[in-house]
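Scroll down for the structure; my scribbles are underneath it.
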Amino acid sequence: MGDTNGQVVAGGNGQGNRLNQLDRSTDVLIDKETDSLIICDRWNRRVVRWSRRSGTTQGEILIDNIECYGLAMDDQRYLYISDYVKHEVRRYQIGDKNGAIVAGGNGEGAGLNQLNIPTYIFVDQQQTVYVSDKDNHRVMKWNKGAKEGIVVAGDQDRGNARTQLSYPKGLFVDTLGTIYVADSWNHRVMRWPKGAKQGTVIAGGNGKGKGANQFNYPRGLSFDRYGNLYVADEDNHRVQRFSIE
């Protein structure tokens, strides 16, 4: 807190596909067990791991030939990866290259057993998978072992009403099942209580712009332990913090 300069912990050697480079990464998580970063290195079509120990100069490839977009890890250290070209989410044991489909996998579409460009994902303690189903403008919930998902936000076509989403991305679900989603093309973050038919705007929603109450295509989001919301504000090239009531 308070730093005005960050330090590079992965990449930083220009755009490329060497093991010390990244190319348009979209997601990252911390694996506490191995004290490493797991990164969706999207344009290199791979998921890589970088140790956080000092002296690390390159990453290692965990999974390659994957059109990854979002990452999540559950309490058993299973890794979940969304593939936005195959329209599916797979679960992997670390070291396993194949994985098992846990959401989608039935081609591109708007059916309850389908996804259309899944982006960010969230997994709860019951191994329930939540997916930002971007081009269907909805958030889906897939219970463990389910053959189809449940719509938990959006799905009223693209729009900016409180019942709608427009190309949703970043996703977080709290212990009560409340969904927080970066409603990217509406330049807002929405909160959808469990079972709700509409959401409320908790940040942004004041049009596209550079103001402190505005976004320009919000992408990723996260919370800290104090309930502060952090949003990657993509086309403003900044991260914003909000204290949420």
Side-chain angles (χ1 to χ4, degrees), residues 1-9 11-12 15 22-29 39-40 42-43 68-72 82 84 115-122 130-140 151-174 178-193 196-245:
M1 286 291 284
D3 272 358
T4 51
N5 296 301
Q7 84 188 74
V8 177
V9 290
Q15 173 187 356
L22 299 168
D23 192 350
R24 278 168 262 202
S25 316
T26 46
D27 209 358
V28 60
L29 57 81
I39 303 165
C40 170
R42 181 164 70 116
W43 277 44
C68 65
Y69 203 107
L71 300 170
S82 62
Y84 67 99
L115 299 167
N116 188 357
I117 308 194
T119 57
Y120 292 100
I121 53 182
F122 185 92
Y130 294 82
V131 188
S132 276
D133 189 10
K134 180 173 81 82
D135 282 25
N136 282 327
H137 313 293
R138 66 189 185 184
V139 176
M140 298 295 289
V151 180
V152 288
D155 199 31
Q156 300 289 325
D157 295 323
R158 183 184 162 200
N160 63 6
R162 287 175 57 186
T163 55
Q164 294 176 303
L165 298 168
S166 182
Y167 301 108
K169 290 195 172 171
L171 190 59
F172 182 88
V173 184
D174 70 16
T178 306
I179 293 157
Y180 298 82
V181 59
D183 187 12
S184 177
W185 282 42
N186 284 326
H187 312 290
R188 66 191 184 185
V189 174
M190 295 194 79
R191 173 168 58 202
W192 292 64
K197 295 296 178 209
Q198 62 180 31
T200 54
V201 178
I202 59 167
N206 298 297
K208 175 178 164 183
K210 294 181 181 174
N213 66 347
Q214 292 179 303
F215 295 116
N216 191 352
Y217 299 105
R219 181 184 279 255
L221 59 82
S222 186
F223 283 89
D224 67 18
R225 69 182 74 175
Y226 307 110
N228 294 308
L229 169 67
Y230 297 79
V231 184
D233 187 8
E234 183 173 10
D235 281 13
N236 280 327
H237 313 290
R238 67 187 183 185
V239 176
Q240 294 209 70
R241 183 177 73 219
F242 299 86
S243 57
I244 302 299
E245 293 300 319

Any chance you could measure [X], atom [atom1], to [Y], atom [atom2], to the nearest 0.5 Å?
| X | Y | atom1 | atom2 | answer |
| --- | --- | --- | --- | --- |
| Gln7 | Asn5 | CD | CG | 10.5 Å |
| Tyr84 | Asp135 | OH | CG | 12.0 Å |
| Arg191 | Thr200 | CZ | OG1 | 5.0 Å |
| Leu229 | Phe172 | CG | CZ | 9.5 Å |
| Leu171 | Met140 | CG | CE | 12.5 Å |
| Asp27 | Ser82 | CG | OG | 7.5 Å |

Determine the minimum heavy-atom distance between [X] and [Y], stating which atoms define it.
| X | Y | value |
| --- | --- | --- |
| Gln240 | Ala212 | OE1-O, 3.3 Å |
| Pro168 | Val181 | CB-CG2, 3.7 Å |
| Ser132 | Gly170 | OG-O, 4.3 Å |
| Gln164 | Arg188 | O-NH2, 3.2 Å |
| Asp183 | Pro218 | O-CG, 4.3 Å |
| Arg138 | Leu165 | CA-CD1, 4.0 Å |

Item checked: Contacts of Asn228 that satisfy side chain to side chain contact (heavy atoms under 4.5 Å, CB included) - sequence neighbours left out -> Asp224, Tyr226, Tyr230, Arg241, Ser243
[X] side chain vs [Y] backbone, donor-acceptor pair below 3.5 Å:
| X | Y | answer |
| --- | --- | --- |
| Ser184 | Arg219 | no |
| Thr26 | Tyr69 | yes |
| Asp133 | Asn116 | yes |
| Asn186 | Gly205 | no |
| His187 | Gly207 | no |
| Asp233 | Asn216 | yes |

Next item on the list: Indicate the ring-plane relationship of Trp185 and Tyr167, choosing parallel, tilted or perpendicular according to the 30° and 60° boundaries.
Entry: tilted
Checklist line | Under 3.5 Å side-chain donor-acceptor pair for Gln214 and Asn206 | finding: no
Item checked: Worked verdict on Ile121 versus Tyr130 for side-chain contact (heavy atoms from CB on, under 4.5 Å) -> CA-CA 6 Å; Ile121 53 182; Tyr130 294 82; over 6 Å; no
Notebook entry, point to check: Val139 and Val131: side-chain contact (heavy atoms from CB on, under 4.5 Å), yes or no, with the steps?
Noted result: CA-CA 6 Å; Val139 176; Val131 188; over 6 Å; no
Notebook entry, point to check: Can we call the ring centroids of Tyr180 and Phe223 under 6.0 Å apart?
Noted result: yes
Note to self: Can you confirm whether Val152 sits close enough to Trp192 that some side-chain heavy atom of one is under 4.5 Å from a side-chain heavy atom of the other?
What the structure shows: no
Next item on the list: Kindly indicate, with the supporting measurements, whether the criterion side-chain contact (heavy atoms from CB on, under 4.5 Å) is fulfilled by Lys208 and Tyr217.
Entry: CA-CA 8 Å; Lys208 175 178 164 183; Tyr217 299 105; 3.9 Å; yes
Check: Which is it for Val28 and Leu71 under the side-chain contact (heavy atoms from CB on, under 4.5 Å) test, yes or no, and what are the steps along the way?
Finding: CA-CA 7 Å; Val28 60; Leu71 300 170; 5.6 Å; no
